[in-house]
Amino acid sequence: MSSAWIDLLNLKKPLKFNEFLVNFNTELYNAKPLPNDIQKQLDERWNQLLSIVKPGRVLYNESKFRLHSIDKKMNDDDNSFHFVLNLGLTDYKSFICTQQQSLPTEIRQHITEDHLSHPLGVGSILITSDDFIVLIKRNSNCVDSPNLYDIPGGHAEPKNLKSYSQENIIEEIHSSTIAECVDETNVDRNSLLIDSSFYVLAITRNLNQYGRPSVESCLRTSMTSQELQQRYNLQTQSEAFESTELKFWPLNKISDLLNPSSTIISITPACHATLTTYSQLRTKANGDYIQKQKSKDCLTVDEEAMVLRYYELQLKDFCEKFEPPMTKMAIAVCMQYFKRFYLNNSVMDYHPRDIYLICVYLTCKTEELRISIIDFLGNIKNSTNIDQTADIVLSYELLLIEKLDFQLVIHTAHRPFEGLIIDLKTHYLRDNVNDADRLRLTGYEFLDKTLITDVYFLFPPSQIALTALVFASVKAAVNIDEYILKHVYGSLESIQMQKIKETIKLIANVVNTSTKFKKSEVKQILEKLEKCYNINNDPRSDEYKKKRLEQFQTITDYEARNLP
């Protein structure tokens, strides 16, 4: 099924909606009119569809945006790229007649690419706070993709605009994506994390429908799957007639859903393409390594995740026992170095047992923990060859810096959390500093738990810090409601306040839902890793030493030829 889809434009990374531009021109980008006799036959087919009356079937014609093409435009200020959507107008009737319906050859042969409707669709992977993807089962009487599971989606609506300005059109694409999620699933509009977790994954064309385009995005809600199911059961959403049930699919099991040999549930091509894109963004490093090695005995994405979680715990334990003691902030920085390294690198390419040591050594420098290499190595217990370990640390340091794109400044939640504690003492707990100290101690317990989650990839440090404070106030039984209402929420509107509350709820859920695994499972995976990791990147191997010697010789030869 996935082969029936192609990326209209490979975005390479998720983009915000404001990174798109629009060139709206009905003269250039509308579809060309069909010959009169062909159009008449299509009109007759449309009228036949209208005459079919079925429960839950709604079919009417509305104006849509027509996507003609996409251009790539460089921003001269920072060399970044914008993507220009070249749009005209079409309507739903034209889409149904030219792209959705199977037509006799005598009609189809007259319909060229320029005649096709290509209405710009919108769709979104909606992810619950307990990490489930929301799928809707389309009603059997739907004209488009009946009885199949799909992600929430529809079209941007030109009728909603007073003018076709670039800003208005982009806003309509943005808002219609949200509206479709609400109208089809009954998700609480205020629970959607639009500011922090809403981005475009890709723009795709459905080749099963002659290239029908759609802007596919990702959106999170602070509602759990159970809470969303309860709201859906109320059937109060405006488009309840389009679906018959919700299906919640585990986020970490997307590959099972996309498996062509799987017959668990049938999904639409649009759903398949979007989930494939999302899965590819999460698994690119794993896929690149497997393709490079051309081996079937590699770790899966889930196995890599388990290895990383295991070494994250090892790293955290190493930092906490380090001498001289590392600050809480330094430990957090070290953990983020490790996590960021493996965003774009596979554990099979660079073994975590080495990388986590380099992360600690680099952190000692960036966080100004002055320590010699000899003293650093003294923290490594049970090392059989201390000289070899020193060589690994020194040879990998520049590699780590390079893989981090030379961005060594890490913003953690510890500094804003301390700011909140100081502010709390100043405005509210001046006469009871013991309560503030209890909040600090309990808040640090929460921040400690964030280090073995991916919460820093999802939320800014200030929001994590505020969540830690709220969490601490509940656990330490210190009432700070007045402080929160007056000094944190005081200047906010009710909608903004609600968004922050929902964000706090989601952060707390992510942090308190830790990944669990059995030691026996990890042991088997680590044994598998020993057989498939890239020995050419292992400083202990002869291959690596030979490669380093060749690099050194190349540099020496260059200096001999070019330097005085």
Side-chain angles (χ1 to χ4, degrees), residues 17 55-58 121-157 160 172-201 214-254 257 264-275 277-278 458 495 498-499 501-503 505-506 509-510:
F17 286 84
R57 185 175 196 175
V58 177
V122 294
S124 184
I125 297 177
L126 180 62
I127 304 175
T128 62
S129 64
D130 48 349
D131 284 342
F132 284 91
I133 295 169
V134 182
L135 302 174
I136 59 171
K137 187 175 184 181
R138 295 181 62 79
N139 192 299
S140 60
N141 293 322
C142 289
V143 176
D144 191 8
S145 304
N147 292 320
L148 296 181
Y149 287 91
D150 199 2
I151 57 175
H155 296 90
E157 303 290 351
N160 293 335
E172 171 57 23
I173 295 173
H174 179 273
S175 60
S176 61
T177 307
I178 299 169
E180 292 294 343
C181 282
V182 174
D183 295 343
E184 293 185 355
T185 70
N186 213 17
V187 64
D188 185 349
R189 172 67 173 75
N190 292 323
S191 76
L192 298 176
L193 304 177
I194 295 168
D195 295 330
S196 58
S197 299
F198 190 24
Y199 49 83
V200 176
L201 284 170
S214 185
V215 177
E216 308 292 359
S217 59
C218 183
L219 180 59
R220 276 189 173 267
T221 172
S222 59
M223 296 180 70
T224 65
S225 54
Q226 184 178 3
E227 290 170 341
L228 182 52
Q229 181 66 65
Q230 290 172 350
R231 279 186 63 96
Y232 178 82
N233 292 342
L234 297 174
Q235 290 292 287
T236 55
Q237 65 269 33
S238 61
E239 296 183 5
F241 59 87
E242 286 196 5
S243 63
T244 57
E245 67 172 277
L246 291 187
K247 175 75 73 174
F248 297 97
W249 196 268
L251 185 60
N252 61 354
K253 300 293 183 182
I254 291 180
L257 189 61
I264 301 173
I265 62 174
S266 299
I267 59 177
T268 65
C271 181
H272 192 285
T274 309
L275 293 178
T277 304
Y278 183 83
L458 303 173
I495 295 178
Q498 183 62 33
K499 284 183 179 179
K501 289 180 179 179
E502 296 294 347
T503 300
K505 180 180 176 182
L506 183 57
N509 187 74
V510 171

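In this text, all values refer to a predicted model and were calculated from it rather than measured experimentally. Computed over heavy atoms, backbone and side chain alike; hydrogens, waters and symmetry mates excluded.
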Between E245 and Y149, does a side-chain hydrogen bond (donor to acceptor under 3.5 Å, both in side chains) hold up when you go through it step by step?
CA-CA 9 Å; E245 67 172 277; Y149 287 91; 3.2 Å; yes
Residues passing the side-chain contact (heavy atoms from CB on, under 4.5 Å) test with S217, sequence neighbours excluded, are F17, S124, T177, F198
Sorted by chain and number, sequence neighbours left out, side-chain contact (heavy atoms from CB on, under 4.5 Å) with N233 holds for Q229
When rounded to the nearest 0.5 Å, the distance separating OG of S176 from CG of N160 is 8.0 Å
Here the gap from K137 atom NZ to S243 atom OG, rounded to the nearest 0.5 Å, amounts to 11.0 Å
For D188, the salt bridge (Lys or Arg N to Asp or Glu O under 4.0 Å) test, sequence neighbours excluded, returns none
Sorted by chain and number, sequence neighbours left out, side-chain contact (heavy atoms from CB on, under 4.5 Å) with S225 holds for T128, D130, F132, F248
Note: H155 and G121 closest approach over all heavy atoms is CD2-CA, 3.8 Å
**OP:** Answer yes if the side chains of T224 and Q226 hold a donor-acceptor pair under 3.5 Å, and no otherwise.
**Re:** no
For I127 and C218 the tightest heavy-atom approach is CD1-SG, 3.6 Å
(Q) When you measure from the side chain of R231 to the backbone of N186, do you find a donor-acceptor pair of N or O atoms at a distance under 3.5 Å? (A) yes
Across all chains, not counting sequence neighbours, the salt bridge (Lys or Arg N to Asp or Glu O under 4.0 Å) partners of E157 are K64
Would a distance-only check, ignoring hydrogens and angles, find a side-chain to backbone donor-acceptor pair under 3.5 Å from E184 to E239?
-> no
Kindly indicate whether the side chain of R220, heavy atoms from C-beta on, has any atom under 4.5 Å from the side chain of D131.
yes
Is any side-chain heavy atom of R189 closer than 4.5 Å to a side-chain heavy atom of I194? yes
* Just by modelled atom types, is the V182 backbone N or O under 3.5 Å from a matching donor or acceptor in the T185 side chain? -> no
Is there a donor-acceptor contact under 3.5 Å from the side chain of S129 to the main chain of M223? yes
When rounded to the nearest 0.5 Å, the distance separating CG of N190 from OG1 of T221 is 10.0 Å
Using side-chain heavy atoms (C-beta onward) and a distance below 4.5 Å, is L135 in contact with I151?
yes
* N139 versus E242: any side-chain heavy-atom pair under 4.5 Å? -> no
Hits for salt bridge (Lys or Arg N to Asp or Glu O under 4.0 Å) against E227, two or more places apart or cross-chain, chain-then-number order -> K505
The side chain to side chain contact (heavy atoms under 4.5 Å, CB included) partner of L126 among V134, I136, L246 is V134
